[in-house]
Amino acid sequence: MTDTDRPRHCLVTGANRGLGLEFVRQLLARGDRVLATCREPGRAQALNRLVAGHPGRLHVLPLDVAMPKTHAELLRELPLVSGGASAPIDLLINNAGVLHPGERFGTISPENLDDSLRTNASGPFLLTQALAPQLADGATVANLSSRLGSIASTAAFGTPSYAISKAALNMATVLLARALAGRGITVLALHPGWVRTDMGGAGAELEPGDAVSALLAVIDRLHPTDTGSFLDRHGATVPW
Ligand SMILES: NC(=O)c1ccc[n+]([C@@H]2O[C@H](COP(=O)([O-])OP(=O)(O)OC[C@H]3O[C@@H](n4cnc5c(N)ncnc54)[C@H](OP(=O)(O)O)[C@@H]3O)[C@@H](O)[C@H]2O)c1
């Protein structure tokens with residue numbers, strides 16, 4: 001069970017917009033310390049405004065999840081972050097993701113498929129592996145997956161690069177859960193619902209604030225036996 005009474009040390013990927021930015025806002029609002037990572041910190045205006053309002057509790061660091069050399073650079077930077085933010089990580093949110101829209105069978109490009117796999121599957125897997133020594137015993141790793149990666153729920157051909165990569169992320173989630181079980185680390189795949197972000201589009205059902213508060217409530221209610229599961233924002237199991 002997560003101890004919600006003490007501030008947690010959290011790391012969020014893809015934090016400069018969408019759900020990632022909302023995770024940062026809500027974690028800060030509850031008193032947590034946050035390492036917010038993004039590809040271009042110098043252009044992350046919303047994040048940099050938050051830094052000013054949360055001295056010592058929010059640090060913005062560069063990370064491209066699809067480029068493992070930046071994982072190593074992040075690891076080197078962690079001890080240099082001031083204010084004790086290099087303490088063990090209690091909550092890692094692998095949020096960064098990409099969806100290449102408009103794909104049609106017959107013309108799927110290897111570049112889209114490769115980029116999706118690197119960003120959505122191998123990136124979070126390798127980052128979690130690299131950060132494992134920095135994770136606190138009993139930590140939580142939340143992988144932002146999608147119902148579109150559910151093999152059992154796939155009834156039609158759509159968003160193939162995204163769906164294949166999220167299915168791979170789901171396997172990565174289970175494997176990481178097994179690898180980290182001895183340290184009491186809970187690893188999950190989470191489906192946020194269809195959310196109004198750049199990825200979800202203006203017609204989506206949910207506001208980012210509502211999706212993120214629901215996901216954080218699911219994380220708060222976790223039991224170690226939940227590790228390796230695929231849950232929606234209500235805490236219900238999503239079929240693999
Ligand atoms: N929105 C939905 O309806 C929905 C539904 C199910 C699952 N999800 C999942 O939820 C997560 C967040 O989605 P969102 O809706 O917030 O998407 P979004 O609005 O498109 O934002 C995606 C974020 O990921 C970052 N990103 C992309 N590639 C990256 C890379 N290689 N390295 C680091 N950061 C990278 C982007 O950074 P830049 O600004 O630098 O591009 C951006 O901050 C994703 O994993 C997505 O698959 C979303």
Side-chain angles (χ1 to χ4, degrees), residues 7-101 111-112 114-131 134-135 141-144 162 165 169 192 195-202 207-209 211-212 215-216:
R8 292 172 300 192
H9 188 211
C10 311
L11 192 151
V12 182
T13 68
N16 58 313
R17 59 188 168 99
L19 292 172
L21 179 61
E22 186 60 30
F23 272 114
V24 173
R25 283 201 186 102
Q26 293 198 21
L27 292 169
L28 288 170
R30 56 197 281 169
D32 292 340
R33 289 182 295 138
V34 183
L35 289 164
T37 68
C38 60
R39 289 192 275 204
E40 294 185 90
R43 299 176 65 176
Q45 293 180 2
L47 268 184
N48 289 322
R49 278 194 298 274
L50 281 175
V51 171
H54 300 85
R57 280 208 295 128
L58 173 61
H59 298 271
V60 182
L61 295 172
L63 177 74
D64 184 329
V65 295
M67 294 178 63
K69 83 172 171 51
T70 73
H71 304 183
E73 286 161 8
L74 177 72
L75 274 170
R76 283 198 292 276
E77 291 244 354
L78 285 182
L80 308 177
V81 174
S82 62
S86 62
I89 295 163
D90 301 300
L91 175 60
L92 167 61
I93 301 184
N94 283 312
N95 164 82
V98 69
L99 188 160
H100 292 283
E111 291 78 14
N112 277 8
D114 186 54
D115 181 54
S116 303
L117 284 165
R118 283 175 187 273
T119 307
N120 296 346
S122 53
F125 180 79
L126 292 171
L127 179 67
T128 306
Q129 177 179 256
L131 285 174
Q134 314 299 322
L135 294 175
V141 178
N143 294 331
L144 267 288
Y162 185 75
S165 64
L169 175 64
V195 192
R196 279 192 286 280
T197 61
D198 292 338
M199 183 184 292
E207 288 294 343
V212 165
L215 291 177
L216 288 175

inquiry  = Within the structure provided, determine whether R118 and M67 are in side-chain contact (heavy-atom separation under 4.5 Å).
reply    = no

inquiry  = Taking A96's backbone N and O only, do any of them form a donor-acceptor pair with T13's side chain (distance below 3.5 Å, no angle check)?
reply    = yes

4.5 Å side-chain heavy-atom contact, T197 and R17 = no

Sequence-distant partners of S165, side-chain hydrogen bond (donor to acceptor under 3.5 Å, both in side chains), two or more places apart = N120

query = Between H9 and R33, is there a donor-acceptor pair closer than 3.5 Å when you use the side chain of the first and the backbone of the second?
reply = no

task = Quick one: closest heavy-atom pair of Y162 and V98, and the distance?
result = CD1-O, 3.1 Å

Of T128, L11, V12, the residue whose pairing with N94 passes side-chain contact (heavy atoms from CB on, under 4.5 Å) = T128

note = Sorted by chain and residue number, the side chain to side chain contact (heavy atoms under 4.5 Å, CB included) partners of N16 (sequence neighbours excluded) come out as C38, A44, L47

Working for side-chain contact (heavy atoms from CB on, under 4.5 Å), residues V60 and T37 = CA-CA 6 Å; V60 182; T37 68; over 6 Å; no

ask   = Side-chain contact, heavy-atom cut-off 4.5 Å: L169 with P124?
value = yes

task = Evaluate side-chain contact (heavy atoms from CB on, under 4.5 Å) for L216 paired with Q26, printing each intermediate quantity in order.
result = CA-CA 9 Å; L216 288 175; Q26 293 198 21; 3.8 Å; yes

note = Rounded to the nearest 0.5 Å, the CZ atom of R49 sits from the CG atom of L58 at a distance of 12.5 Å

inquiry  = With a 3.5 Å distance limit and no angle check, can you tell me whether T70 reaches the backbone of D64 through a side-chain donor-acceptor pair?
reply    = yes

task = Working to the nearest 0.5 Å, report the span between CE of M199 and CG of L99.
result = 5.5 Å

request  = Evaluate side-chain contact (heavy atoms from CB on, under 4.5 Å) for L91 paired with L27, printing each intermediate quantity in order.
outcome  = CA-CA 10 Å; L91 175 60; L27 292 169; 4.1 Å; yes

inquiry  = With side-chain contact (heavy atoms from CB on, under 4.5 Å) as the criterion, how do L50 and L21 come out once you've worked through the C-alpha distance, each side chain's angles and the decisive distance to 0.1 Å?
reply    = CA-CA 10 Å; L50 281 175; L21 179 61; 4.1 Å; yes

message = Taking P41's backbone N and O only, do any of them form a donor-acceptor pair with N48's side chain (distance below 3.5 Å, no angle check)?
response = yes

ask   = For D90, which residues count as a salt bridge (charged side-chain N to carboxylate O under 4.0 Å, His left out) partner, sequence neighbours excluded?
value = R6

task = With the side chain counted from C-beta on, respond yes when L35 and C10 share a heavy-atom pair under 4.5 Å apart, and no when they do not.
result = no

inquiry  = Holding to salt bridge (charged side-chain N to carboxylate O under 4.0 Å, His left out), I want the full list of residues that pass it with R196, two or more places apart in sequence or in another chain.
reply    = E207

What side-chain donor-acceptor pairs closer than 3.5 Å can you find for residues 71-79, not counting sequence neighbours?
from : atom 1 : to  : atom 2 : distance (Å)
H71  : NE2    : V65 : O      : 2.9

task = Provide the closest heavy-atom pair for A211 versus L19 in the form atom of the first, atom of the second, distance.
result = CB-CD2, 4.2 Å

message = List the residues meeting salt bridge (charged side-chain N to carboxylate O under 4.0 Å, His left out) with E111, not counting sequence neighbours, and say none if there are none.
response = none

inquiry  = If I compare all heavy atoms of A15 with all of V24, which pair ends up nearest, and what's the gap?
reply    = CB-CG2, 3.8 Å

key: R57 (side chain) donor-acceptor with V34 (main chain) under 3.5 angstrom   = no

